[in-house]
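What follows is a set of notes on a single structure, which appears directly below.
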Amino acid sequence: MISAVFGKRRSLSRTLTAGTICAALISGHAVMASADDGQGATGEAIIHADDHPGNWMTYGRTYSEQRYSPLDQINRSNVGNLKLAWYLDLDTNRGQEGTPLVVDGVMYATTNWSMMKAVDAATGKLLWSYDPRVPGNIADKGCCDTVNRGAAYWNGKVYFGTFDGRLIALDAKTGKLVWSVNTIPPEAQLGKQRSYTVDGAPRIAKGRVIIGNGGSEFGARGFVTAFDAETGKVDWRFFTVPNPKNEPDHAASDSVLMNKAYQTWSPTGAWTRQGGGGTVWDSIVYDPVADLVYLGVGNGSPWNYKYRSEGKGDNLFLGSIVALKPETGEYVWHFQETPMDQWDFTSVQQIMTLDLPINGETRHVIVHAPKNGFFYIIDAKTGEFISGKNYVYVNWASGLDPKTGRPIYNPDALYTLTGKDWYGIPGDLGGHNFAAMAFSPKTGLVYIPAQQVPFLYTNQVGGFTPHPDSWNLGLDMNKVGIPDSPEAKQAFVKDLKGWIVAWDPQKQAEAWRVDHKGPWNGGILATGGDLLFQGLANGEFHAYDATNGSDLFHFAADSGIIAPPVTYLANGKQYVAVEVGWGGIYPFFLGGLARTSGWTVNHSRIIAFSLDGKSGPLPKQNDQGFLPVKPPAEFDSKRTDNGYFQFQTYCAACHGDNAEGAGVLPDLRWSGSIRHEDAFYNVVGRGALTAYGMDRFDSSMNPTEIEDIRQFLIKRANETYQREVDARKNTAGIPEQLP
Ligand SMILES: O=C(O)c1cc(C(=O)O)c2c(n1)C(=O)C(=O)c1cc(C(=O)O)[nH]c1-2
Ligand SMILES: [Ca+2]
């Protein structure tokens with residue numbers, strides 16, 4: 001029935017009454033949307049998602065982004081029998097962060113390098129795939145792996161963003177291109193230090209596809225754009241931070257930026273050259289109840305508040321939720337969670353709406369667990385702060401002002417103003433990052449994939465110096481977050497933690513928790529079977545009891561899981577599926593230290609489970625990763641200090657702090673190319689491996705500096721060779737002495 005209706009839908013315009021009738025058929029509801037609300041059949045189907053729970057039609061399943069599915073064929077009593085139904089090997093072995101959509105038995109999954117696959121959701125058979133051919137040298141224009149978090153579905157088409165900034169619409173049946181647009185306008189692309197990448201899932205409201213971008217670690221001015229879903233024409237654009245000259249951009253944001261936001265920045269700070277940040281790289285939510293679009297706005301660019309804004313002002317709309325009208329992009333309200341951001345405390349984390357009883361009255365609220373470690377409850381219609389409580393340990397603020405929600409800062413945390421180092425918890429990766437949280441209306445709990453990853457914030461000495469082709473934070477790039485003495489490093493490793501917090505939003509308190517081995521675990525799915533599903537950094541896929549966290553099922557998926565699971569029906573049978581593939585910024589950047597979450601190698605796949613699956617276990621693969629190779633014995637110790645600085649500035653964010661890899665990208669200590677100066681220069685200077693995502697760096701470093709890096713790598717290889725060989729003999733594969 002649903003299929004038949006959906007098949008017809010393609011010919012319907014999004015505003016026609018026919019669309020509305022169609023929606024009513026799907027939902028089985030007598031209530032009809034008004035003919036001119038612009039939602040059309042797909043929007044109505046998303047609004048009434050529970051009437052056809054076999055589908056997963058939008059990123060968070062519903063517009064409320066609760067990631068709760070009422071399906072209960074798989075439940076607490078039988079989940080122990082769950083079996084692998086199918087798996088599909090992917091053609092990209094890097095981080096997989098996608099939420100697959102499922103529409104009428106077809107799964108639409110985006111993968112690393114912005115590829116799209118349509119898969120028979122019952123069998124895993126590939127129906128079509130689309131490769132937008134993102135150029136390999138784009139990888140280092142983004143901070144955090146060439147990931148993609150998912151697609152949007154609307155009126156017979158699937159939409160997704162590409163790492164090089166395009167938004168693409170494909171015919172959902174055939175995978176043929178319908179339209180493709182560059183989402184980055186020429187005026188935003190100002191010089192080398194403005195860096196934009198797109199890896200978040202687009203959301204669609206009222207026939208408009210809304211997409212943002214990332215880039216605040218490099219130099220970017222955040223904005224989102226709404227495109228007409230049928231034609232790809234720009235409808236409106238909203239910048240999240242002011243124009244550096246306080247001039248109009250001829251965008252929907254002009255008036256609020258000029259009248260409200262500009263005054264919260266210093267007129268001459270480095271933001272006027274670096275863009276200011278505020279990228280909307282993950283959460284964009286349409287709320288049909290309030291009829292508003294909410295943006296989760298990111299961190300400042302550069303991070304250093306003293307350099308960015310001369311230590312002045314709150315810097316709107318950094319670290320904020322901003323509410324807009326869907327038709328025009330007109331500003332309605334904002335709530336700033338982190339004024340004066342200097343910690344990479346983005347508020348882009350998933351925005352969820354709930355109807356929550358508060359003081360005897362049911363209120364329609366936003367619940368939000370941004371990086372800064374506080375759980376916020378905000379009135380969805382007005383942006384009024386209702387309450388906030390830390391959901392993880394935090395040391396940067398002692399709490400929130402109960403009236404305004406403004407953080408009560410620990411003065412030591414304002415390291416750009418004190419000029420002293422600050423060991424911050426949460427650190428730049430947040431108490432919670434992109435891994436989605438879930439809510440179960442049956443338990444009333446919000447399940448947050450929480451973590452503790454400290455960060456040592458150290459100011460760049462002597463003023464702000466941007467480097468083309470590298471992170472531009474205004475921080476000391478030799479340290480970039482991780483203490484360098486062995487003792488401090490050991491303490492840092494002890495501080496790395498990951499767990500599920502079952503959070504009671506009515507009490508604003510933790511109900512219980514499930515501890516994991518370390519940080520950077522996958523997003524969470526809650527189901528009507530009273531289950532939580534989550535994949536872990538150590539490569540296991542688990543089902544937990546949603547009422548108390550008991551571990552009811554686990555499966556060895558062999559590679560770290562960072563993506564959130566989905567559930568759906570195919571031929572009437574319930575499946576649970578997830579993308580597998582270790583990556584994202586945590587292993588890239590922490591490198592060897594990230595291994596404490598569990599040692600896995602990247603084998604990327606989509607895996608799907610059912611109660612009668614017959615495809616397990618997964619075939620055995622290399623689980624040792626890059627094996628240590630005896631390095632050249634000689635290196636020039638006069639060059640290794642500068643090599644270390646160059647490495648930390650240009651290489652560490654992908655190849656790991658202090659040149660220790662984490663099982664995804666090549667571990668350069670064991671790379672054949674470090675054996676010869678020319679071979680190394682060919683890769684780093686001339687771009688021999690650009691097709692694989694390794695950009696050339698001859699415009700940012702001269703040949704001497706590149707050779708310094710090689711000398712440093714040989715030194716590191718010699719220092720660590722024996723301990724890595726020994727570590728391979730441990731069952732855990734983790735060196736006893738990490739640093
Ligand atoms: O400021 C930005 O523009 C920006 C972009 C992104 C991104 O696009 O993935 C991330 C972040 N920041 C970020 O702070 C962060 O922790 C992060 C983690 C990840 C990831 O996918 O692993 N992306 C990003
Ligand atoms: Ca960031």
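Quantities reported herein were computed from a predicted structural model and do not represent experimental measurements. Position 1 is the first residue of the sequence; numbering continues from there. Start at 1 and go down the list; that is how both ligands and their atoms are numbered.
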Can you name the atoms of ligand 1, numbered from 1 with element, that are less than 4.0 Å from a heavy atom of Asp199? 7 (C), 8 (O), 9 (O)
Do Trp265 and Arg308 touch side chain to side chain, with heavy atoms closer than 4.5 Å? yes
Which part of Asn433 is near ligand 1, with near meaning a heavy atom under 4.0 Å away: side chain, backbone, both or neither? side chain
With a cut-off of 3.0 Å, does Thr279 place any N/O/S atom under that distance from the Ca ion (ligand 2)? no
Please report whether ligand 1 has a polar contact with Asp344, defined as an N or O pair separated by less than 3.5 Å (distance criterion only). yes
Looking at Asp344, which of its N, O or S atoms is the nearest one to the Ca ion (ligand 2)? OD1
Once rounded to 10 degrees, what value does the angle at the Ca ion (ligand 2) take between OE2 (Glu217) and OD1 (Asn299)? 90°
Distance flag, aromatic centroids of Phe374 and Phe345, threshold under 6.0 Å: no
Any heavy atom of Cys143 under 4.0 Å from ligand 1? The part involved is side chain
Between Ser604 and Asn602, do the side chains contain a donor N or O and an acceptor N or O under 3.5 Å apart? yes
Quick one: which ligand 1 atoms are inside 4.0 Å of a heavy atom on Val147? 21 (O)
Using heavy atoms and a threshold below 4.0 Å, how should the contact between Trp520 and ligand 1 be classified: side chain, backbone, both, or neither? side chain
Residue Gly215 vicinity, atoms of ligand 1 by number, heavy atom under 4.0 Å: 2 (C), 3 (O)
Flag Glu217 as yes when one of its N or O atoms lies below 3.5 Å from any N or O atom of ligand 1, and as no otherwise. yes
For atom 19 (C) of ligand 1, grab the closest protein heavy atom and report residue, atom and distance to one decimal in Å. Cys144 CB, 3.5 Å
Quick one: look up the protein heavy atom nearest atom 20 (C) of ligand 1 and list residue, atom name and how far away it is. Glu97 OE2, 3.3 Å
Ranking Trp281, Phe218, Phe588 by closest non-hydrogen atom to atom 24 (C) of ligand 1, top hit is Trp281
Close aromatic pair by centroid cut-off 6.0 Å: Trp582 and Phe588: no
Pull out every atom of ligand 1 sitting under 4.0 Å from any heavy atom of Gly584, numbered as shown with elements. 22 (O)
Atom indices of ligand 1, in the order listed, that fall short of 4.0 Å to a heavy atom of Phe434: 20 (C), 21 (O), 22 (O)
Would the Tyr108 and Phe160 ring centres measure less than 6.0 Å apart? no
May I ask whether Gly142 places a heavy atom under 4.0 Å from ligand 1? no
Please state whether Gly298 comes within less than 4.0 angstrom of ligand 1, counting heavy atoms only. no
Any idea which atoms of ligand 1 are less than 4.0 Å away from a heavy-atom of Ser216? 1 (O), 2 (C), 3 (O)
Salt-bridge criterion met for Arg203 and Glu65 (N-O under 4.0 Å): yes
What protein heavy atom sits nearest atom 1 (O) of ligand 1, and how far away is it? Asn299 OD1, 2.9 Å
N/O separation below 3.5 Å, Arg149 to ligand 1: yes
In terms of residue, atom name and distance, what is the protein heavy atom nearest to atom 18 (C) of ligand 1? Ile585 CG2, 3.4 Å
Exactly one of Asp199, Thr110, Thr99 should register a side-chain hydrogen bond (donor to acceptor under 3.5 Å, both in side chains) with Arg149. Which one does? Asp199
Under 4.0 Å between a Lys/Arg side-chain N and an Asp/Glu carboxylate O for Asp249 and Arg237? no
For Gln648 and Asn658, does a side-chain donor sit closer than 3.5 Å to a side-chain acceptor? no
Hey, would you say the Tyr409 and Trp396 ring centroids sit under 6.0 Å apart? yes
Just by distance, no angles: are the side chains of Tyr586 and Asn433 close enough, under 3.5 Å, to form a donor-acceptor pair? no
Whether His334 and Phe317 hold their rings parallel, tilted or perpendicular, with breakpoints at 30° and 60°: perpendicular
min-distance protein heavy atom vs atom 2 (C) of ligand 1 -> Thr279 OG1, 3.3 Å
Counting only heavy atoms closer than 4.0 Å, does ligand 1 sit against the backbone of Leu429, its side chain, both, or neither? side chain
With respect to the Ca ion (ligand 2), please indicate if Asp428 possesses an N, O or S atom at a distance under 3.0 Å. no
Is it the case that Asp341 and Asn315 place a side-chain donor and acceptor less than 3.5 Å from each other? no
Taking the six-membered ring for Trp and the single ring otherwise, decide whether the centroids of Phe589 and Trp471 are under 6.0 Å apart. yes
Check ligand 1 against Lys371 and write out every atom of the ligand that is under 4.0 Å from a heavy-atom position of the residue. 13 (C), 14 (O), 15 (C), 16 (O)
Determine, using ring centers only, whether Tyr415 and Trp422 are less than 6.0 Å apart. no
